[in-house]
Amino acid sequence: MTTVSSPLAGRAIGLAAVPDPVFSGAMVGPGTAIDPVREPSEAVAPVDGVIVSLHPHAYVVVDESGHGVLTHLGIDTVQLNGEGFELLVNKGDTVVRGQGVVRWDPAAVEAAGKSPICPIVALEATAEALTDLREDGEVSAGESLFLWK
């Protein structure tokens, strides 16, 4: 059982509320989403593991059981070409839950015309594999978002 923690402070809103059909339809995988607080912050590792994919707007951490967790910082933020995002680790690095991965500013993302909503997705999982899924309420970075069986 893997506990997936929130990489950000904000409000849990669930994947269905993400303004992107790929995420809201859980085509990437099940999970939830965070509407982040609008202040510069660090998006942190949601699990202990290895950074297997790293872009300014998104990263994947794979834990020791092989579970890959995607954190996507905003919607269509790839179009910002990394502007306003600062990588704090490198692909291949081992990270611990709560360690900073990307520094960013959700308010700047919003000002650039993009949604700052952040999907947190269990890659290659089934919806049945997730329990205790947070889809509403305020969350702090490091608080549990869901359990992955």
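- Atom CD of E143 has more than 12 neighbouring heavy atoms from other residues, nucleotides or ligands inside a 6.0 Å radius.
- The hydrophobic cluster analysis finds L88 isolated: no Ile, Leu, Val, Met, Phe, Trp or Tyr side chain comes under 4.5 Å of it, directly or through other members.
- Listed by first and then second residue, the salt bridge (charged side-chain N to carboxylate O under 4.0 Å, His left out) pairs that reach into residues 59-72 come to none, sequence neighbours excluded.
- With V69 as the partner, the side chain to side chain contact (heavy atoms under 4.5 Å, CB included) test is satisfied by one option alone out of I120, V60, L123: I120.
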Which pairs of donor and acceptor atoms, one on a side chain in residues 72-81, lie under 3.5 Å apart (sequence neighbours left out)?
| unit_1 | atom_1 | unit_2 | atom_2 | d |
| --- | --- | --- | --- | --- |
| H72 | ND1 | G74 | O | 2.7 |
| T77 | OG1 | L73 | O | 2.7 |
| Q79 | OE1 | K114 | NZ | 2.4 |

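- Atom CD of E86 has more than 12 heavy atoms from other residues, nucleotides or ligands within 6.0 Å.
- Every pair tested for side chain to side chain donor-acceptor pair (under 3.5 Å) that includes a residue from residues 16-29 fails, sequence neighbours excluded, so the list is empty.
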Would you mind writing out the side-chain donor-acceptor pairs for residues 42-54 within the sub-3.5 Å range, not counting sequence neighbours?
| unit_1 | atom_1 | unit_2 | atom_2 | d |
| --- | --- | --- | --- | --- |
| E42 | OE2 | R103 | NH2 | 2.9 |
| D48 | OD1 | R97 | N | 2.6 |

Would you tabulate the side-chain donor-acceptor contacts of residues 28-39 under 3.5 Å, counting partners in other chains and residues two or more places apart, or write 'none'?
| unit_1 | atom_1 | unit_2 | atom_2 | d |
| --- | --- | --- | --- | --- |
| T32 | OG1 | G14 | N | 3.4 |
| T32 | OG1 | R134 | O | 2.6 |
| D35 | OD1 | R38 | NH1 | 2.7 |
| D35 | OD1 | R38 | NH2 | 3.1 |
| D35 | OD2 | R11 | NH2 | 3.3 |
| R38 | NE | E110 | OE1 | 3.0 |
| R38 | NH1 | P36 | O | 2.4 |
| R38 | NH2 | E110 | OE2 | 3.1 |

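- Listed by first and then second residue, the ring-ring contact (aromatic ring centres under 6.0 Å, His included) pairs that reach into residues 128-149 are H67-W148, sequence neighbours excluded.
- Contacts classified as ring-ring contact (aromatic ring centres under 6.0 Å, His included) and involving residues 113-144 (residues at least two apart or in different chains) are not found.
- Qualifying side chain to side chain contact (heavy atoms under 4.5 Å, CB included) partners for D132, counting only residues two or more places apart in sequence or in other chains: L147.
- Between L15 and P119, some side-chain heavy-atom pair lies under the 4.5 Å cut-off.
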